[in-house]
Protein chains: 2
Amino acid sequence: MATRIRTERRADALSKARIVEAAIEILDADGESALTFRALATRLATGAGAIYWHVADKHDLLAAATDHVIAGVMAKVATGSDPREAIRTLALGAFDAIDAHPWMGGQLSSDPWQYAVLRILEGIGGQVQALGVREGEQFNAATALMNCILGLAAQYAAAERLPRDADRSAYLAVIAAHWMQLDPAQHPFVRQVAAQLADHDDREQFLAGVNLILGGIETVR
Amino acid sequence: MATRIRTERRADALSKARIVEAAIEILDADGESALTFRALATRLATGAGAIYWHVADKHDLLAAATDHVIAGVMAKVATGSDPREAIRTLALGAFDAIDAHPWMGGQLSSDPWQYAVLRILEGIGGQVQALGVREGEQFNAATALMNCILGLAAQYAAAERLPRDADRSAYLAVIAAHWMQLDPAQHPFVRQVAAQLADHDDREQFLAGVNLILGGIETVR
DNA sequence: ACCTGAACACCGTTCAAGT
DNA sequence: ACCTGAACACCGTTCAAGT
């Protein structure tokens, strides 16, 4: 009986995993606009069309890249312990991941049922149960919590994407100055908080937001 | 003394306002991918390059379109009354606006200090003050509330963008069936809530999320 | 089965030339 | 000052042809 001969794969053979890895490297190094099929093909030393054998299209590629990063984050999140502490850890994990890979911000909001989102929902859902939320409210509470976390993370991560360190406070000072020039009659609140803009910490503010929702969830226990 | 003669503008002269209006029509009718400078130029019966006289680039165009819609929403939001009720009205206004103009979802998350976001922050900030939040917490509370609202609205609006009405429950049934096929050991929560997916109401769930944050804000009063 | 790379049908943006 | 539209430098995606 003839056994089907399986030709040995070259060590550097293309695969979805290798493509996704290379895509993430490009995205992290030079941003979303740098990820083109041509740049990816060059980096992988192949033709542009070859990528389409492993990946449906660019949307699929971005979703796979996002899922790869999120899978890593969720694997690291410690379970057990206090559910509220676990949710905070998970939220900070999402924040730091989006901060490190800003291109995920838009991706996570664009497709509510991509697998990466499902992973997060599962992680949060388990903690919501552990928190003792009534069963009928669990779906609502978990999606609300997740969507708030993703929303907060995307916004604050987008803010973090702006100039860093030394340039950062100068940049924020310019924005604050711009806010101060607004019509006081129309923008009293924004003018009032402009002073706090320069030295606020996005990560801290993010965590304050998460705590706010956690406080609200106590209500539906 | 010679008076400068100002040549009469043609009634249909180009202006940023007219360009933004046409852009919104294209975006609403055929989605984000349909908005090209060529399509816009054709609709405005002009050359593609003419648009650049009034608009810096595509990013500027999207920001201006978003600001135009949000300005309309904020103008309609009733002030006075109960601050919590006002926040709910404002949140639902944002939800309905993103639902009606789904292309705004990504836009609002991408640039945290665009003018449209400032308008929303101002509206929310005023209510947060009226709610009696301590002054040192107002900035945190207002940005958290706004970012949650934008995050929730973007997610739920993205979900709403999917098939409507008759097709909708069929579509959700397919997703729920897909969830049920997941490994029970790895996805117990998602499997458990899959049953609730088919007949949930995104708008209602959004409002539940907003109420959750409002509940949390009571804490920092 | 998997890869190659030229070709197709587009884009956003620029700019010399017009009025 | 404002508009025209061809031209430039790209894209994502397809597909006949190769191995």
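Residue numbers begin at 1 in each chain, while the letters A, B, ... track the order of the sequences.
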Assess whether side chain to side chain donor-acceptor pair (under 3.5 Å) is satisfied between Q196(B) and Q138(A), documenting all intermediate values.
CA-CA 10 Å; Q196(B) 296 171 56; Q138(A) 288 177 5; over 6 Å; no

Looking at every non-hydrogen atom in both residues, tell me the closest pair between A64(B) and K16(B) and how far apart they are.
CB-CE, 3.9 Å

Can you confirm whether H178(A) is buried at NE2, in the sense that more than 12 heavy atoms of other residues, nucleotides or ligands lie under 6.0 Å from that atom?
no

Compare the minimum distances between each of dC2(C), dC2(D), dT13(D) and the side chain of Y52(A), then state the nucleotide with the smallest one.
dT13(D)

Can you figure out which of dT13(C), dC11(C), dC3(C) approaches the side chain of T36(B) most closely?
dC11(C)

Among pairs that include at least one residue of residues 182-198 of chain A, which meet salt bridge (charged side-chain N to carboxylate O under 4.0 Å, His left out), considering only residues two or more places apart or in two chains?
none

Applying salt bridge (charged side-chain N to carboxylate O under 4.0 Å, His left out), which residue pairs with at least one partner in residues 141-153 of chain B are found, sequence neighbours left out?
none

Applying salt bridge (charged side-chain N to carboxylate O under 4.0 Å, His left out) to D202(B) and not counting sequence neighbours gives R168(B)

Using a cut-off of under 3.5 Å, enumerate the N/O to N/O pairs linking the protein to nucleotides 16-19 of chain C.
none

May I have the step-by-step check of side chain to side chain donor-acceptor pair (under 3.5 Å) for Q129(A) and Q192(B), ending in yes or no?
CA-CA 11 Å; Q129(A) 287 182 320; Q192(B) 184 194 297; 2.8 Å; yes

Specify the residue among I51(A) and L35(B) whose closest nucleotide of DNA chain C lies further upstream toward the 5′ end.
I51(A)

List for me each residue that meets salt bridge (charged side-chain N to carboxylate O under 4.0 Å, His left out) alongside R119(B), sequence neighbours excluded, and say none if there are none.
D67(B)

Over 60° means perpendicular and under 30° means parallel, so classify the ring planes of W113(B) and Y171(A), tilted if in between.
tilted

Listed by chain and number, what are the salt bridge (charged side-chain N to carboxylate O under 4.0 Å, His left out) partners of D57(A), not counting sequence neighbours?
none

Dot-bracket summary - DNA chain C, pairs being Watson-Crick or G-U whose distances fall under 3.5 Å, with | when paired to another strand:
||.|||||...|||||.||

Tell me, which of residues 56-65 of chain B have any heavy atom that sits under 4.0 Å from an atom in DNA chain C?
D57(B), K58(B)

Would you call K76(B) and D96(B) a salt bridge, using N to O less than 4.0 angstrom?
no

Residue list, salt bridge (charged side-chain N to carboxylate O under 4.0 Å, His left out) with E21(B), at least two apart or on another chain
none

Any side-chain heavy atom of F189(A) sitting closer than 4.5 Å to one from L118(B)?
no

Pairs touching residues 30-42 of chain A that satisfy side chain to side chain donor-acceptor pair (under 3.5 Å), sequence neighbours left out
none

Between Y115(A) and H68(A), does the ring centroid distance fall short of 6.0 Å?
no

Set out, line by line, the N/O atom pairs under 3.5 Å between protein and nucleotides 5-8 of chain D.
{"from": "dG5(D)", "atom 1": "O6", "to": "G49(B)", "atom 2": "N", "distance (Å)": "3.3"}

Contact list for DNA chain D against residues 19-29 of chain A - heavy-atom distance below 4.0 Å:
none

Would you say Q114(A) and T66(A) are linked by a side-chain donor-acceptor pair, where the criterion is simply a distance under 3.5 Å?
no

Can you check the L40(B) CG to dT13(C) C1' distance for me, whole Å?
14 Å

Expressed as a whole number of angstroms, how long is the span from R18(A):CZ to dC2(C):C1'?
14 Å

Can you tell me the distance, in whole Å, between the CG atom of L44(B) and the P atom of dC2(D)?
16 Å

Below the 4.0 Å mark, does dC2(C) have OP1 or OP2 next to a side-chain nitrogen or oxygen of W53(A)?
yes

